[in-house]
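Take a look at the structure set out below.
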2 protein chains.
Amino acid sequence: MFSNTVKYAIKAVLYLAAYSDESNKIMIKDIANPINVPMAYIAKILQDLSRKNLVSSKRGPKGGFYLSDNNLKGNVHDLIEAVEGDDRISSCLLSLSECNASNPCSLHDLAYKEKQFLMQKLKETTLKTLAQDLKEGKTVLPL
Amino acid sequence: MFSNTVKYAIKAVLYLAAYSDESNKIMIKDIANPINVPMAYIAKILQDLSRKNLVSSKRGPKGGFYLSDNNLKGNVHDLIEAVEGDDRISSCLLSLSECNASNPCSLHDLAYKEKQFLMQKLKETTLKTLAQDLKEGKTVLPL
DNA sequence: ATTATAATATGATAAATATCATATTTAAGA
DNA sequence: TCTTAAATATGATATTTATCATATTATAAT
């Protein structure tokens, strides 16, 4: 469903959301293992997200990645959009070009409602909320 | 959301579902254009689907691809599985390994219901039904 | 039977995604 | 200020997905 890059990004960000903050930064090498993602690859992804201000980072000794309070207000939908580019996620199931109620593709009626519902949830659920569930052991980050 | 291969496969099969039958076969070169897919590529995909008996074909003069009555009973879910392999479509959003209610990933609660609902619809809607909508102009195959 | 036609099988190339490696820059602490 | 530790920037390689090209095989029609 999602590309590896997207899955890796979500896992890394949620890990940071749950276990880091400004006074508790986490280094690449300490992120890669628990979420089971190649170190150099997750480094690249997080560097990209840092540039886009979805995660925070500081270099040098005592440095690392973390989520600021502001970052924690973000959501998974925006994260996905950031890593896989604009509208891949919200596009029509059969094409990149839009299809809509007045010119529906074969799968539009069948899928539209569920897809919108899912998108809505991915937008309205904050990283902070998801991190809370993780910390309470209600959810897990799969390998 | 879906790979090009999956999108192409669905479009081609629905096109055949709507406009072909055993006595009205359609050649590769006459499929590629209307659904806007590279000819050699859709050829490869349809050949694969033919091998897997999801579409029918006959070679030689007067030959081409078509959907048999039996093929028309198929659904989009099985089609997707056939082209992109086993369980990519039904897997957890964050990983290939299963996550479930008793060991939910961070997105499980958020996505599970909608995803199941969508899968269900993709399974229960026959190609014949979708083709009917196409023929009646109720839906279109996007470019 | 021969010819023409269309799928089939196969392999080559291109582009995108995923992965690895490393020199450079920033910043903390001695 | 020097050393060390971390992200950053950049580029190389590998794998997968997408695309192109073509020789082979089956079959209808003459």
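A, B, ... follow the sequence lines: proteins, then strands. Residue 1 opens every chain. Note that this is a predicted model, so its numbers are computed, not measured.
Rounded to whole angstrom, the span from the CG atom of A/Asn4 across to the C1' atom of C/dA16 amounts to 13 Å. To the nearest angstrom, C1' of C/dT19 lies 8 Å from OH of A/Tyr41. Counting to the nearest Å, the P atom of D/dC20 and the CD1 atom of B/Ile45 are 12 Å from each other. Per the geometry, CG belonging to A/Asp48 stands 14 Å off C1' belonging to D/dT10, to the nearest Å. Residue B/Phe2 contributes atom CZ, which lies 17 Å from atom C1' of D/dT17 at whole-angstrom precision. Here C/dT5 presents its P atom at 18 Å from CZ of B/Phe65, a figure rounded to the nearest Å. To the nearest angstrom, P of C/dC20 lies 9 Å from OH of A/Tyr8. One can place CD of A/Gln47 at 13 Å from C1' of C/dC20, the figure rounded to the nearest angstrom.
Residue contacts shown for A/Ile26 are limited to sugar-phosphate atoms, with no base heavy atom under 4.0 Å away. Residue A/Leu46 is out of contact with every strand shown, counting any heavy-atom pair closer than 4.0 Å.
A salt bridge does not link A/Lys44 with A/Asp48: none of the charged nitrogens is closer than 4.0 Å to a carboxylate oxygen. Note on A/Lys115 versus B/Glu114: no salt bridge recorded, every NZ/NE/NH1/NH2 to OD/OE distance being 4.0 Å or above.
A sub-4.0 Å separation between OP1 or OP2 of C/dT8 and a side-chain N or O of B/Ser50 is present. Between A/Arg51 and D/dA7 there is no side-chain N or O to OP1 or OP2 distance below 4.0 Å. Put simply, B/Ser57 has no side-chain N or O that comes within less than 4.0 Å of OP1 or OP2 on C/dA6.
Donor-acceptor pairing under 3.5 Å is recorded for the side chains of A/Tyr41 and A/Thr5. Residues B/Asn71 and B/Ser56 have side chains that bring a donor and an acceptor to within less than 3.5 angstrom of each other. In the model, A/Asn100 has a side-chain atom that pairs as donor or acceptor with a side-chain atom of A/Ser102 under 3.5 Å.
In the set D/dA21, C/dA18, C/dC20, C/dA18 carries the atom at the smallest distance from any side-chain atom of A/Thr5. Of the candidates C/dA7, C/dC20, C/dA18, the closest approach to any side-chain atom of A/Ser3 belongs to C/dA18. Side-chain proximity of B/Ala40 to the nucleotides C/dT19, D/dA21, C/dA9 is greatest for D/dA21.
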Sort me out a list of protein N/O and nucleotides 28-30 of chain D N/O pairs below 3.5 Å, or just none if empty.
residue	atom	partner	partner atom	Å
D/dA28	OP1	B/Lys58	NZ	3.1

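Taken to the nearest 0.5 Å, the CD1 atom of B/Ile31 stands 13.0 Å off from the OH atom of B/Tyr19.
Sparse packing is recorded around NZ of B/Lys62, with 12 or fewer heavy atoms of other residues, nucleotides or ligands lying under 6.0 Å away.
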